[in-house]
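This report refers to the structure that appears directly beneath it.
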Amino acid sequence: MGDSVEDIKKHVRTYVMVFVVLLFLTGVTVGISYVDMGHTMNIVLALVIATIKASLVAAYFMHLISEKKLIYYTLLIAALFFIGLMFLPTGQSLDPIHL
Amino acid sequence: MLIPYTVKPRPDTGLINSKLGIWLFLASEVMLFGALFSSYILLRVNSVDWPVGSTILSVPIAAFNTVVLISSSITVIMAWASLKMGNLSKGRMYILITFLLGLTFMCVKAYEYNTKFHHGLFPSESTFMAIYFTLTGLHGLHVLGGMIVFAYFWGPGAKMWKTEPEHFTNRIEIVGLYWHFVDLVWIFLFPVLYLL
């Protein structure tokens with residue numbers, strides 16, 4: 001990433017644009033929560049929008065769009081374990097508990 | 001002890017040490033929050049009767065707090081960009097705004113907790129309330145932690161600018177990375193707890 005004053009100014013414009021998109025998507029999230037599209041569809045849509053928002057924050061605000069390889073590797077390992085964690089609850093179907 | 005490579009990148013990693021350090025820390029944070037999200041899924045899938053968040057919690061208040069946190073993410077970037085362009089007073093102003101936005105978030109959160117307590121809704125009330133307080137409580141502690149760091153960099157920590165301006169700028173970038181992560185967690189917490 002360039003570090004000259006001009007470069008920084010250009011980056012700031014991108015950040016502000018991402019910020020506006022994030023605000024818009026927050027509005028969309030709240031808006032669609034009032035529309036009944038079936039329980040599953042509502043959950044899927046809300047999580048899809050949240051993932052888009054999170055990706056925007058990670059890519060632009062956290063500069064992941066242009067980062068060094070070592071950081072990608074670190075996050076790749078974290079992502080794999082995270083996915084494993086998310087699927088861990090499915091294991092309970094083998095021996096269900098009732099809360 | 002002096003930590004090396006805080007300004008010049010380390011040749012083998014191509015990174016300043018603090019940046020690799022914060023990303024390793026954030027990777028561990030992913031697992032911390034991941035474990036709780038995983039618990040949430042387990043509790044929800046197994047519950048006989050899971051309430052829709054919006055029937056218990058206030059969506060407008062949480063939406064407002066979402067806007068507050070997203071705004072604080074942009075102000076911390078502006079702080080870094082200002083410092084990068086050599087403007088300390090503007091940088092400090094943005095650090096202060098970020099701190100105040102964090103404070104606003106916490107005040108709103110305190111108001112929310114208080115209303116719940118007034119209605120007798122404690123963590124012991126239900127599985128939903130238990131996971132709600134656990135997730136938002138842990139997230140709130142992270143906001144508080146960030147605020148302490150911002151307060152330090154706005155105050156005594158800013159002295160570093162006189163002797164090592166680049167090092168100070170990098171410090172703001174690093175705390176910014178942490179702050180964006182806290183924002184990112186909230187982006188998921190908001191729909192998961194309040195809307196679904």
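Here is the naming used below: chain letters follow the sequence lines, and residue numbers restart at 1 for every chain.
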Contacting region of V185(B) [heavy-atom separation from chain A under 4.5 Å] | neither

How long is the span from the OG atom in S73(B) to the CZ atom in F19(A), to the nearest 0.5 Å?
-> 9.5 Å

Cluster check L141(B), V143(B): I/L/V/M/F/W/Y, side chain < 4.5 angstrom | no

Under a 4.5 Å cut-off applied to non-hydrogen side-chain atoms, are I43(A) and L195(B) in contact?
-> no

Counting only heavy atoms not in E29(B), do more than 12 fall under 6.0 Å of its CD?
-> yes

What's the shortest heavy-atom distance between P191(B) and A50(A), and which atoms?
-> CG-CB, 4.1 Å

Inter-residue atom distance K19(B).NZ - E67(A).CD, 0.5 Å rounding = 4.0 Å

Hey, could you give me the CD1/CE distance between I41(B) and M86(A), rounded to the nearest 0.5 Å?
-> 5.0 Å

Given a strict heavy-atom distance threshold of 4.5 Å, which part of Y34(A) is in contact with chain B: side chain, backbone, both, or neither?
-> side chain

Applying a strict 4.5 Å limit to non-hydrogen atoms, the region of T51(A) in contact with chain B is both

At a heavy-atom separation under 4.5 Å, does V5(A) approach chain B through its side chain, its backbone, both, or neither?
-> both

Are any non-hydrogen side-chain atoms of L85(A) and M31(B) less than 4.5 angstrom apart?
-> yes

Given that the side chain runs from C-beta out, which part of S71(B) has a heavy atom under 4.5 Å from chain A: side chain, backbone, both or neither?
-> both

Apply side chain to side chain contact (heavy atoms under 4.5 Å, CB included) to the pair L20(B) and K68(A), showing each step before the final yes or no.
-> CA-CA 10 Å; L20(B) 181 58; K68(A) 295 284 183 297; over 6 Å; no

Here the pair of heavy atoms bringing I187(B) nearest to A54(A) is CG2-N, 4.2 Å

More than 12 heavy atoms from other groups under 6.0 Å of OH on Y40(B) | yes

Structural part of L22(A) lying under 4.5 Å from a heavy atom of chain B | both

I71(A) side, atom CD1; W23(B) side, atom CH2 - distance, nearest 0.5 Å = 6.5 Å

Please check if atom CG in L80(A) has more than 12 non-hydrogen atoms from other residues, nucleotides or ligands closer than 6.0 Å.
-> yes

For each of I77(A), L88(A), L75(A), tally heavy-atom pairs with chain B at distances under 4.5 Å, and name the one with the top tally.
-> L75(A)

Most heavy-atom pairs under 4.5 angstrom with chain A, which of L184(B), L177(B), I77(B)?
-> I77(B)

Pair count under 4.5 Å, heavy atoms only, with chain B: among F87(A), F61(A), F82(A), highest is F61(A)

Is V52(B) reachable from V59(B) through a run of hydrophobic residues whose side-chain heavy atoms are each under 4.5 Å from the next?
-> no

Using the rule that two of Ile, Leu, Val, Met, Phe, Trp, Tyr join whenever any of their side-chain heavy atoms come within less than 4.5 Å, decide whether L144(B) and Y152(B) are in one cluster.
-> yes

How about K53(A) and T66(B): do any of their side-chain heavy atoms sit closer than 4.5 Å?
-> yes

In terms of heavy-atom proximity below 4.5 Å to chain B, should L64(A) be classed as side chain, backbone, both, or neither?
-> side chain

Honestly curious: do F122(B) and I56(B) fall in one hydrophobic cluster under the side-chain, below-4.5 Å linking rule?
-> yes

Between F190(B) and chain A, which part of the residue has a heavy atom less than 4.5 Å away: side chain, backbone, both or neither?
-> side chain

d(D7(A) CG, M85(B) CE) to nearest 0.5 Å is 11.0 Å

Atom OH of Y72(A): over 12 foreign heavy atoms under 6.0 Å = yes

Neighbour count >12 (heavy atoms, 6.0 Å) for atom OH, Y73(A) = no

Interatomic distance, OG1@T26(A) vs CG@N65(B), rounded to 0.5 Å, equals 12.0 Å

Go through the atoms of V30(B) and report whether side chain, backbone, both or neither lie under 4.5 Å from a heavy atom of chain A.
-> both

Step-by-step ring pair (Phe, Tyr, Trp, His ring centres under 6.0 Å) determination, H63(A) to W80(B) = CA-CA 13 Å; H63(A) 304 144; W80(B) 170 75; 5.2 Å; yes

Is it true that I3(B) and F153(B) fall in one hydrophobic cluster, defined by side-chain heavy atoms closer than 4.5 Å?
-> no

